[in-house]
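The analysis underlying the following values was restricted to heavy atoms, covering all of them including side chains, and did not include hydrogens, waters or symmetry mates.
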Amino acid sequence: MASQEVVLLDATCSMFSMRARLALAEKGIAYEKKEQNLADKGPELLQMNPIHKKVPVLVHNGKPICESLIIVQYIDEVWKDQGSPLLPSDPYDRAQARFWADFVDKKVADAASGVWTKKGEELETAKKEFIAVLKQLEEVLGEKPYFGGDNFGYVDLALIPFYSWFHAYETCGKFKTEEHCPKFIEWAKRCMQRETVAKSLADPKEVYELVLMLRKRFGLE
């Protein structure tokens, strides 16, 4: 069994940090959480992630692992004998899971950020792009309870942290996701029934307060 000397350099409202917390929770790994001030990055974060200087960073036995999806894969490999596997065992299914998790990073993250950082016509465009991306994911989900099938897995873990930001997206954008993508919201609510998910995700109200602060800083309010 891997050593339990695990530290997570974290930011509570970061959906990427939520992924790391959730992966650790799914595997039942005890760890020390170190909250980082991203507006004034401390020496430990700069030392452990000198390239990107961002969270999350998993520090295992003093060695840092950066980038949230890489961290999730590392956790799944190192603690393979604990909890359920996060990635499929079949090589093709594993490749597909990695593809859609990458889609989340490249498409969902960009589309979602536009919903709370834009105004006017740009906001309307951002909302359409966001809904279009979610509709693509609904097609991938199909009639399955989770993206990997019957069991909560890698793509679900990569995507569900964004749900804690939906209150902020919808309030800033003045729309309801459920009206456009009911199947997506059903999936999200199903995920939230898992204790590991509910405990790992940030409070939507706390996220919204952060978004309001950032919007004021950016001159959007």
Side-chain angles (χ1 to χ4, degrees), residues 10-23 36 38-39 52 54-56 66-72 97-141 146-147 152-192 197-198 200-221:
D10 191 16
T12 296
C13 291
S14 162
M15 63 276 288
F16 304 107
S17 289
M18 292 181 219
R19 287 175 176 172
R21 297 200 297 266
L22 180 50
Q36 304 297 301
L38 300 183
H52 297 302
K54 61 184 182 181
V55 295
C66 304
E67 296 298 296
S68 61
L69 291 180
I70 294 173
I71 289 171
V72 173
R98 285 173 170 153
F99 174 87
W100 287 109
D102 184 65
F103 177 91
V104 172
D105 272 4
K106 291 178 177 174
K107 296 293 186 178
V108 178
D110 287 348
S113 65
V115 176
W116 68 271
T117 61
K118 305 293 184 182
K119 294 193 298 184
E121 292 184 6
E122 289 186 337
L123 172 57
E124 294 307 310
T125 299
K127 287 194 291 184
K128 291 177 182 177
E129 291 176 351
F130 180 62
I131 293 300
V133 168
L134 296 188
K135 284 184 176 295
Q136 283 184 288
L137 288 168
E138 280 191 324
E139 291 180 9
V140 176
L141 180 64
Y146 300 105
F147 281 91
F152 181 88
Y154 186 63
V155 180
D156 306 289
L157 188 151
L159 181 57
I160 192 59
F162 286 85
Y163 188 58
S164 64
W165 283 68
F166 271 46
H167 172 65
Y169 299 154
E170 293 176 343
T171 305
C172 293
K174 296 181 174 58
F175 73 104
K176 287 293 183 183
T177 309
E178 191 166 14
E179 293 177 1
H180 304 276
C181 303
K183 188 180 292 186
F184 183 91
I185 297 301
E186 287 178 8
W187 162 83
K189 290 179 178 179
R190 186 178 303 117
C191 290
M192 290 300 296
V197 175
S200 300
L201 267 57
D203 184 337
K205 293 180 180 178
E206 187 175 353
V207 172
Y208 181 56
E209 290 174 1
L210 172 64
V211 166
L212 285 180
M213 181 190 71
L214 293 173
R215 282 176 62 85
K216 290 177 181 178
R217 183 182 299 173
F218 299 152
L220 296 169
E221 292 291 341

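- A distance of 4.5 Å separates SG of C181 from CD of E138, quoted to the nearest 0.5 Å.
- Checked for salt-bridge contact, E186 and K189 miss the test: no charged N lies under 4.0 Å from a carboxylate O.
- Between L22 and L157 the shortest side-chain heavy-atom distance falls below 4.5 Å.
- Centroid-to-centroid, the aromatic rings of W187 and F147 come within less than 6.0 Å.
- In terms of heavy-atom proximity, L123 sits nearest to C172 at CD2-O, 3.9 Å.
- L38 approaches A11 most closely through the heavy-atom pair CD1-CB, 4.0 Å.
- The backbone N or O of L220 sits nowhere less than 3.5 Å from a side-chain atom of K119 that would complete a donor-acceptor pair.
- The nearest pair of heavy atoms linking H52 to E67 is CD2-OE2, 3.4 Å.
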Inset, instruction - Carefully, step by step, assess C191 and F152 under the rule side-chain contact (heavy atoms from CB on, under 4.5 Å). - result: CA-CA 8 Å; C191 290; F152 181 88; 3.9 Å; yes

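- Atom NZ of K183 is separated from atom CG of L137 by 12.0 Å, given to the nearest 0.5 angstrom.
- Looking only at side-chain heavy atoms (C-beta outward), K216 and M213 stay at 4.5 Å or farther from each other.
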Inset, instruction - Output, in order, the C-alpha distance, side-chain angles, deciding distance and verdict of side-chain contact (heavy atoms from CB on, under 4.5 Å) for K135 and F184. - result: CA-CA 8 Å; K135 284 184 176 295; F184 183 91; over 6 Å; no

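- The nearest pair of heavy atoms linking F16 to P56 is O-CG, 3.6 Å.
- Here CG of L212 is found 12.5 Å from CZ of R217. Values are rounded to the nearest 0.5 Å.
- Rounding to the nearest 0.5 Å gives a distance of 12.0 Å between CD of E129 and CD of E124.
- Across all non-hydrogen atoms, the minimal contact from V211 to A168 is CG2-CB, 3.8 Å.
- D156 contributes no side-chain N or O that, together with a main-chain N or O of Y146, makes up a donor-acceptor pair within less than 3.5 Å.
- Between V155 and A97 the shortest heavy-atom distance is CG2-O, 3.4 Å.
- Pairs engaging residues 103-116 under the side-chain hydrogen bond (donor to acceptor under 3.5 Å, both in side chains) rule: R19-D105, D102-K106 [sequence neighbours left out].
- Using a 4.5 Å cut-off on side-chain heavy atoms (C-beta onward), T177 and E170 make contact.
- Residues meeting the side-chain contact (heavy atoms from CB on, under 4.5 Å) test with K128, sequence neighbours left out: none.
- Judged purely by atom type and a 3.5 angstrom limit, T125 uses its side chain to pair as donor or acceptor with the backbone of E121.
- Put simply, CZ on F162 and CE on M18 are 9.0 Å apart, with the number rounded to the nearest 0.5 Å.
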Inset, instruction - Could you please spell out the steps behind the ring-ring contact (aromatic ring centres under 6.0 Å, His included) verdict for F166 and F175? - result: CA-CA 10 Å; F166 271 46; F175 73 104; 8.2 Å; no

Inset, instruction - Please test Y208 against D203 for side-chain contact (heavy atoms from CB on, under 4.5 Å), starting from the C-alpha separation and ending with a verdict. - result: CA-CA 9 Å; Y208 181 56; D203 184 337; over 6 Å; no

Legend entry - Candidate pair M15 and L201, rule side-chain contact (heavy atoms from CB on, under 4.5 Å), full reasoning: CA-CA 8 Å; M15 63 276 288; L201 267 57; over 6 Å; no

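- The distance from atom CZ of R98 to atom CG of L69, rounded to the nearest 0.5 Å, is 10.5 Å.
- Side chain of R21 to main chain of T12: a donor-acceptor pair is present (N/O by atom type, distance under 3.5 Å, no hydrogens or angles).
- Listed for the W165 side chain is a donor-acceptor partner under 3.5 Å among the backbone atoms of C13.
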